[in-house]
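Below is one structure, written out as structure tokens; comments come after it.
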Amino acid sequence: MTSTRLRPGAPPSPAQETSGRWHPLELLPPLLVLLLGTLLLRPGHGLWFDELFTAEVARLPLGEILSAVVTGAGTTSYLAGVPPSYNAPYYLVAHGWTALPGLGGDTSLRALSLLATAGGLALTTRAVARLAGRATGVLAGTVLAGSPLVLEQAVEARSYGLAVLATGGAALGLVRWLQEPPRGLVLFGLAGAGMGLAHWYAVTVLAAFVVAGLLRRRSALPLLLTGGAAALPVVALVGLNLLNGTGGRNAEHLRDTGGQLAGLALRDWSGGQTPLLCLTLGLAVLGGLRATGLRAVAACWALVPLLLLLAAELVRPVYLPRYLMTGLLGVGVLAAAGVRALPRAARAPVAALLVAFSLGASLTMFDRAPRERADDVVRLLAEVHRPGQPIVAADQRSAIGLDHYVRTLEPGLRPDVVLPPDDAPGDAGDVVWLVRRLIDWEPEPTDDDAVLAAAGFRQVDQVTLPGSKTVLVLQRWER
């Protein structure tokens, strides 16, 4: 390892310049993602199914959550087949977060993700700065803060913010170990374990960091052993899910890319914007070939997860853009390394272009429609519903949204709410309200239609509330 001591009169290296205290400029990326995330949270879009699941699980007693995780049982009648086993550590963190005074609302769950993402970017910025200099570190963090994929997941009540936080911690632990062994091993091990527990795909990035350490140092056995130990908790979590019968859940959402996983991942990282895709890819290639200091870590961070998932795809589909996010952080870091490899006069304008393209790709998010409008369904019901008229949720997605927002917005509706597996009551009065989702603009088939028709009811009105993820309708049935 090269000594960090300076020869008399020798200029300091980037690593020596940034090995001390944090510099205020290194706070720019986390502040940027906090600003952009806060602006995205301002419209007040309601939670959608995955986020609603977080909210409903997090509010349960701790013992009930743990029991559901271990047994693979659902936590409600209408989600009997949807246990909180995967992402269980996140639900436990969310439970603790919402137990704090004043943090029980929907926005606070999204704020947890946003704060965790900001922390992760701060740690990543620091790690890159220690390896390649403050300017490169700040550029890498800023590119990640402006990424449409990162920004989208930073404002949702799911586990990806915690995954970014743990990934940043593991990256900083790796860099500390590379520069001042054995320092950094404890941070690397703890954060590495947190990566897999936040989302098990992140274990591919843990593997990438271990490979980078092996490439940078000959005596890397301590890092290898620490990485192996850090992977054990997620191995145990996956094993638990296999034992309790939930191992294949959500597999239907994964895509087989036919060997095009890397290209699709880069496209999704760039928000589908061709200029950003081309610039990022070109700089990443340059960084992998010519960047000094940062090259091994950044190249492994970007490439190893993609190669591991490409190999896994030979066995089963594995692709979902957000699942790959912690690995794709390495693409942004590698692109920043590519800027550093440019001639000095070209670095500033190309860096500005990269940041501008990243932020431009994220601008479309500020006009995005709500993913799901269960909150609007409940507000509408509060206007048109009369006491004694049943309000029936016809399917799982409708049920969790109706259940949550009746509890938080209009508890006076609760006595008339009917949730699955109960069907619409055929012996009701003259009006029944039916909440359901549309699939390809057709109502999801349920038993409620036949029950109501047999009792002499017919649909007389329907209000459609479209969302980018789920289309809900409120139907009025009369007899």
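- The distance from the CG atom of Leu354 to the OG1 atom of Thr142 is 9.5 Å, given to the nearest 0.5 Å.
- For Ser108 (side chain) and Gly105 (main-chain N/O), a donor-acceptor pair under 3.5 Å exists by modelled atom type.
- Residue Val304 comes nearest to Ala207 through the heavy atom pair CG1-C, 4.4 Å, listed as atom of the first residue, atom of the second, then distance.
- Here the closest heavy-atom approach between residue Val143 and residue Ser358 is recorded as CG1-OG, 4.0 Å.
- By the salt bridge (charged side-chain N to carboxylate O under 4.0 Å, His left out) test, Arg110 is found to be paired with Glu51, residues two or more places apart in sequence or in another chain being considered.
- Residue pairs satisfying the ring-ring contact (aromatic ring centres under 6.0 Å, His included) criterion with at least one member in residues 264-291, sequence neighbours excluded, are absent.
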Practice task
I would like to know whether Arg379 and Asp375 meet salt bridge (charged side-chain N to carboxylate O under 4.0 Å, His left out); could you show each step before the answer?
Solution key: CA-CA 6 Å; Arg379 292 189 184 97; Asp375 54 336; 3.2 Å; yes

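- With sequence neighbours excluded, the residues that form a side chain to side chain donor-acceptor pair (under 3.5 Å) with Gln153 are Arg158.
- Evaluation of the salt bridge (charged side-chain N to carboxylate O under 4.0 Å, His left out) rule for Glu313 yields no partner, not counting sequence neighbours.
- Of the inter-residue distances, the one linking Leu41 atom CG with Leu36 atom CG reads 11.0 Å to the nearest 0.5 angstrom.
- In summary, of the residues considered (Val128, Thr292, Leu139, Leu294), a side-chain contact (heavy atoms from CB on, under 4.5 Å) with Arg340 occurs for Thr292 alone.
- Pairs of residues two or more places apart, or lying in two chains, never qualify as ring-ring contact (aromatic ring centres under 6.0 Å, His included) while including a residue from residues 344-368.
- Although no hydrogens or angles enter the test, the distance criterion places a donor-acceptor pair under 3.5 Å between the side chain of Arg216 and the main chain of Gly293.
- With hydrogens and angles disregarded, a donor-acceptor distance shorter than 3.5 Å links the side chain of Ser113 to the backbone of Glu156.
- Between Pro84 and Val69, the shortest heavy-atom contact is O-CG2, 3.5 Å.
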Exercise for the section: Using the side-chain contact (heavy atoms from CB on, under 4.5 Å) rule, take Leu472 and Asp376 through it: C-alpha gap first, then chi angles, then the decisive distance, then the call. Expected result: CA-CA 10 Å; Leu472 296 175; Asp376 289 334; over 6 Å; no

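- Judged as a side-chain hydrogen bond (donor to acceptor under 3.5 Å, both in side chains), the pairs with a partner in residues 227-243 (not counting sequence neighbours) are, in order, Asn241-Thr246.
- The list of ring-ring contact (aromatic ring centres under 6.0 Å, His included) pairs with a residue in residues 276-325, not counting sequence neighbours, reads His199-Tyr323, Tyr201-Tyr323, Phe209-Trp301.
- The residue from Arg437, Arg373, Arg371, Arg397 that alone fulfils the side chain to side chain donor-acceptor pair (under 3.5 Å) condition with Thr470 is Arg397.
- Every residue two or more places apart in sequence or in another chain that forms a side chain to side chain donor-acceptor pair (under 3.5 Å) with Ser398 is listed here: Asp395.
- The main-chain N or O of Gly146 is found under 3.5 Å from a side-chain atom of Ser362 such that the two form a donor-acceptor pair.
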Practice task
Apply side-chain contact (heavy atoms from CB on, under 4.5 Å) to Ile400 and Leu52, showing your working.
Solution key: CA-CA 7 Å; Ile400 194 171; Leu52 288 165; 4.0 Å; yes

Practice task
Walk me through it: do Leu185 and Leu223 pass the test side-chain contact (heavy atoms from CB on, under 4.5 Å)?
Solution key: CA-CA 7 Å; Leu185 277 181; Leu223 184 77; 4.1 Å; yes

Practice task
Under the salt bridge (charged side-chain N to carboxylate O under 4.0 Å, His left out) rule, what do Glu26 and Arg130 come out as? Steps first, then yes or no, please.
Solution key: CA-CA 11 Å; Glu26 294 173 22; Arg130 287 182 64 122; over 6 Å; no

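- Residue Ala230 comes nearest to Leu206 through the heavy atom pair CB-CD2, 3.9 Å, listed as atom of the first residue, atom of the second, then distance.
- Contact between Ala212 and Val297 at its shortest, heavy atoms only, is CB-CA, 3.8 Å.
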Problem - side-chain contact (heavy atoms from CB on, under 4.5 Å) evaluation trace for Val339 with Thr136 - result: CA-CA 8 Å; Val339 172; Thr136 304; over 6 Å; no

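- Remark: Lys469 does not engage Glu372 in a salt bridge, criterion side-chain N to carboxylate O under 4.0 Å.
- Residues passing the salt bridge (charged side-chain N to carboxylate O under 4.0 Å, His left out) test with Arg290, sequence neighbours excluded: none.
- How far OG1 of Thr204 is from CG of Leu307: 10.5 Å, rounded to the nearest 0.5 Å.
- The two residues Thr226 and Gly189 come nearest to each other via the heavy atoms CG2-CA, 3.5 Å.
- The backbone N or O of Ala198 sits less than 3.5 Å from a side-chain atom of Ser159, completing a donor-acceptor pair.
- No cation-pi contact links Arg183 to Trp177, judged by a cut-off of 6.0 Å to the six-membered ring centre and 45° from its axis.
- Residues that satisfy the salt bridge (charged side-chain N to carboxylate O under 4.0 Å, His left out) test with Asp106, not counting sequence neighbours, are absent from this structure.
- For the atom pair Leu314 CG and Leu309 CG, the distance stands at 11.5 Å (nearest 0.5 Å).
- Residues in residues 345-358 take part in no salt bridge (charged side-chain N to carboxylate O under 4.0 Å, His left out) pair, two or more places apart or across chains.
- Among residue pairs with one or both ends in residues 87-129, those qualifying as ring-ring contact (aromatic ring centres under 6.0 Å, His included) are Phe53-Tyr91; sequence neighbours excluded.
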